[in-house]
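Remember, predicted model here, so these are calculated numbers, not experimental data. Sequence lines set the chain letters: A, B, ... in the order given, protein chains first and strands last, and positions in each chain run from 1.
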Amino acid sequence: MEELPKSYNSEAEIKIYSLWEKSSLTNPDRMKEYLEKEGVEVKSPFTITLPPPNANANLHLGHVCGYSFHDVIGRYMRMKGHPVLLLPGKDHAGIQTESVFTKHLEKEGKTKEELGREEFFRQTYEFCMKNAKNAREQEKRIGLSADYSRELFTLDPRLTEIIYETFFKMFKEGLIYRDKRIINQCPKCNTALADIDTEHESKRGIFAYIRYPLADSPEEYITVATTRPETMLGDTAVAVHPEDSRYAKYIGKKVLLPIAEREVPVIADEEVDTELGTGAVKVTPAHSPVDFELAQKHGLEIVNVINEKGLMEGDIPERFKGMETVECSKALVKELNELGLLEKIENTVHEVMVCERCRTDIQPIISNQWYLNVKPLAEKALKELQRNKVKVYPKGQQRALEHFYANIQPWCISRQLWWGQRIPVWYSGGKKLYDWLLENKGKTVGDFEKEVGIKANGSGELFLGEEEPKSSKGEIWEKEEDVFDTWFSSGQWPFSTLEALGEEDLKKYYPTQMMIHARDIIFWWSARMIMMGLYRTEEVPFKDIFVTGMILADDGSKMSKSKENSVEPKAIFDKYGADALRLWYYSDALPGSNAPLREEKIKGNRNFINKIWNASRFIIMNIDKSEILEISKNDIKETEKTERVKDHVLQVGKYIEKYQFNLGAESIREFFWHELCDIWIEEAKKQVEGEPVGSVKRIEVFTELLYVLKENLKIMHPFIPFVTEAVWQELVNLDLAEGVLMAQQLRLI
RNA sequence: GGGUGAUUAGCUCAGCUGGCUAGAGCGUCACAUUGACAUUGUGAAGGUCACAGGUUCAAGUCCUGUAUCACCCACCA
């Protein structure tokens, strides 16, 4: 009767989204009111705090598709009578954003130092807000039914306050402390990094064999092999294996470090591998984690020769000062060769640590940083995992997480950045004094003044708080410059967000039900959220972790901007629509496995979306205006078909609850296309052939068909919300349905 | 060095607690079709489920081992 377009136009998706927004039923409080009004039993709230994407760029396909998992489960739960809260947010992404925005400034010929800390922070904030807006639009474009009235940014002052509380509590309990040890320094980002923020890469390098003459008999020498000759300037020992007969006679003697002209001892340690290199190893405690351990064990001196920018410094010959490490290495090799102390150089490939963000080589250096002793937290988290209070899907990832907890090391939480939450600490008499006293246990402020030669205007104590503390006479307080590691705040995301939104939200919606995110951040994020959540709330922040697969380029390689094989979400939306993309993702991106993006597969799903539109169109167009009243009575008899539909709906529901979205997606496609369309509609055509409009037969056939269609739209809606809602609204226009499909309740009994 | 996962049709993959005469999508081939849908329908071809053992009435599915690949973790100069 009514002329509907011949094919489904996915451009309508934007209009449909605004319909949902207008309904405000993405707000769980409104949804609860709605259910009460409808006289439906209100079930317990269902909450997922959504992973906040970095607010320094647009979303990529992985983000966007990831949200379709949140959304399918959220929509399903909503249609089951749970007030659902999908809580969105955006992440300030400390180091990454600082680097992105600094580059952005560079292009305009500016530096962050010119702007100053406050202005830099302000501009970066603005930059993030702009990106957040784009990201939000993209989230809506995939159909994410999140409650945007509650959206939070990780640097929101309400959140920062909660993060600070955690810090104070941890400090008071002795979990947080300052320590001087070897850290991973990224010379480019110019900040310390936690171990987890680094990656390993195979790189070509050299293996140089250098002769260290004995101090008391220069004609004898020990040859050491190294991949980093420049660190020899900071050597404080040579280590050999205690049972290595080649070197036994040298143990306890001294060698003369060439060029640096320093005498260092030959020590014996079990850790030394006699097979590797020459069996004698140079020890550089300040610039190698292994050597640092050795130095602790043997009480060796620590000599710093590389600074935080990766340049040579310290007690070294003038000519090397300020050189980059590689440059220095070359210069040293040349000089050693001239002195006849270079035995040979081999080319090798070795593993080097690089910055996870900018892929610059990590410089291990000695530095004072803030640490969190995560061991006790990890133990609790591990126990909860083992008690199945938190489950990880797929199972294999759970074991990886358990392993992570079992082997956890202190977490360096301070970063030398401007973009982030400033650590709320004040030092009486300055940070330098505090660190000096820490290193020189038992000494006093007076000793500091004498030995360092600086007047200390303070007691060397700490004050915890944001605002400058009151000073007694002459006392000067220095504010901590460092900020928290991003993950220190995002690690508190589930409870911090809900708490920031108010006592009531926390009570109603915490703990949350599940966490869904990509595999690559499981240690960074989920691992931390469980620990911090337990610490602050004594409850696990979520019961299930669902780890999504990664989207790959069509040749199976990783998508990356540099390879120019990445696909913009917009391109897919424009061409095939969000529903088609979602349906493809459910089917192909199984947890733990990767999904190469094949356009023809999305196209196949788009065909199905269109099929839904057309089957509905057929039914709608065949119902005569005069028959609407009769049909809308929905006087439905229990038939074989209605029973089949009921079973089908139940089955799909089970799949969703077991997180088997691929089976759910397959199931709805199979049922709608090959049962409803290919068989039932074809049958109906024959049944009504020749029947006059308004006949009992026609009313019966179309009543049943309409019922079947509506039940199918409902169960398909969580997967493909747009087209199903579009059809539903056409039915509403004809008085054949009511309200929004999003809020309809499934019949699951 | 340790861990996890994968290996099933030409391609991408499903197959939950063992019952399969092994499935889907895309591709291929044949036929049909102005149909609600030129974004359709019907049908066909195509697989000793990596390999070798074992448990079982029964194994793609469980166990052991082997091989190849992928990812993660790890301080080896």
If [N] has a Watson-Crick or G-U wobble mate with both distances under 3.5 Å, name it; if not, just say none.
N	answer
rA9(B)	none
rC71(B)	rG3(B)
rA45(B)	none
rA38(B)	none
rG65(B)	rC51(B)
rC20(B)	none
rC76(B)	none

Next on the checklist: Within the 4.5 Å heavy-atom criterion, are Asp244(A) and Tyr250(A) side-chain neighbours or not?
Outcome noted: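 Asp244(A) vs Tyr250(A): side chains apart.
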Next on the checklist: Using the side-chain heavy atoms of Asp273(A), tell me which of these nucleotides is nearest: rA74(B), rU12(B), rA77(B).
Outcome noted: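 Among rA74(B), rU12(B), rA77(B), the one nearest the side chain of Asp273(A) is rA77(B).
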Checklist entry - Of the candidate nucleotides rC37(B), rC73(B), rA77(B), which contains the atom at the shortest distance from the side chain of Phe207(A)? => result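 Looking only at heavy atoms from C-beta outward on Phe207(A), the closest nucleotide is rA77(B).
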Using atom [atom1] of each nucleotide, how far apart are [N] and [M] to the nearest Å?
N	M	atom1	answer
rC26(B)	rC63(B)	C1'	37 Å
rA44(B)	rU48(B)	C1'	22 Å
rG53(B)	rA70(B)	C1'	26 Å
rC49(B)	rG23(B)	P	14 Å
rA52(B)	rC16(B)	P	23 Å
rG60(B)	rG19(B)	P	10 Å
rA6(B)	rG47(B)	P	25 Å
rA45(B)	rA22(B)	P	13 Å

Next on the checklist: Suppose we screen for side-chain contact (heavy atoms from CB on, under 4.5 Å). Which residues come up paired with Glu271(A), at least two apart in sequence or across chains?
Outcome noted: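 Scan of Glu271(A) (side-chain contact (heavy atoms from CB on, under 4.5 Å), adjacent residues dropped) gives Asp269(A), Lys297(A).
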Checklist entry - How would you list, by chain and number, every residue that makes a side-chain contact (heavy atoms from CB on, under 4.5 Å) with Tyr371(A), sequence neighbours excluded? => result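 For Tyr371(A), the residues satisfying side-chain contact (heavy atoms from CB on, under 4.5 Å) (neighbours in sequence not counted) are Tyr177(A), Asp179(A), Arg181(A), Ile183(A), Gln369(A), Pro410(A), Cys412(A).
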Next on the checklist: Rounded to whole Å, how long is the line connecting atom CD1 of Ile602(A) with atom C1' of rG27(B)?
Outcome noted: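 That distance rounds to 17 Å.
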Checklist entry - Does the base of rA77(B) carry an N or O that pairs as donor and acceptor with the side chain of Glu271(A) under 3.5 Å? => result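 Donor-acceptor pair under 3.5 Å: no.
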Item to check | Quiz item: Lys601(A) side-chain donor-acceptor pair to rC26(B) base, under 3.5 Å | outcome: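 Result: no qualifying N/O pair found.
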Please tabulate, one pair per line, each protein N/O and nucleotide N/O from nucleotides 7-11 of chain B that are separated by under 3.5 Å, including the distance.
from: rC11(B); atom 1: O2'; to: Arg598(A); atom 2: NH1; distance (Å): 3.2

At 4.0 Å (heavy atoms only), tell me whether [X] reaches a base, stays on the sugar-phosphate, or touches nothing.
X	result
Val272(A)	base
Ala615(A)	base
Phe404(A)	nothing
Lys685(A)	base

Item to check | Earlier contact from the 5' end, RNA chain B, for His403(A) and Glu682(A) | outcome: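 Counting from the 5' end, the first nearest nucleotide belongs to Glu682(A).
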Item to check | Residue met sooner reading RNA chain B from 5', once Thr227(A) and Glu199(A) are mapped to nucleotides | outcome: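 With Thr227(A) and Glu199(A) compared, the 5'-side residue is Glu199(A).
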For [X] and [Y], which I'm curious about, is there any donor-acceptor pair between the side chains at under 3.5 Å?
X	Y	value
Tyr76(A)	Glu657(A)	yes
Asp291(A)	His287(A)	no
Ser587(A)	Arg669(A)	yes

Next on the checklist: Under the rule for side chain to side chain donor-acceptor pair (under 3.5 Å), what residues qualify as partners of Glu683(A), not counting sequence neighbours?
Outcome noted: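 So Glu683(A) forms a side chain to side chain donor-acceptor pair (under 3.5 Å) with Lys641(A).
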Checklist entry - Which residues satisfy the side chain to side chain donor-acceptor pair (under 3.5 Å) test with Glu356(A), sequence neighbours excluded? => result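 Partners of Glu356(A) by the side chain to side chain donor-acceptor pair (under 3.5 Å) criterion come out as none, since no residue qualifies.
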Item to check | Under 3.5 Å donor-acceptor, Asp579(A) side chain and Val723(A) backbone | outcome: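 Pair found, side chain donor or acceptor close to backbone of Val723(A).
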Next on the checklist: Please verify the inter-ring angle class for Phe661(A) with Tyr659(A); under 30° counts as parallel, over 60° as perpendicular, anything in between as tilted.
Outcome noted: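 Tilted: the ring planes of Phe661(A) and Tyr659(A) meet at 30° to 60°.
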Next on the checklist: Each nucleotide in nucleotides 38-46 of chain B should get exactly one letter: B, S or -. Can you fill that in based on protein heavy atoms under 4.0 Å?
Outcome noted: -BSSS----
Item to check | N or O in side chain of Arg399(A) less than 4.0 angstrom from rG5(B) OP1/OP2 | outcome: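 So the side-chain polar atoms of Arg399(A) do come within 4.0 Å of the phosphate oxygens OP1 or OP2 of rG5(B), strictly under.
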Next on the checklist: Under 4.0 Å between a side-chain nitrogen and a carboxylate oxygen: does that hold for Glu600(A) and Lys603(A)?
Outcome noted: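 Result for this pair is no, no salt bridge flagged.
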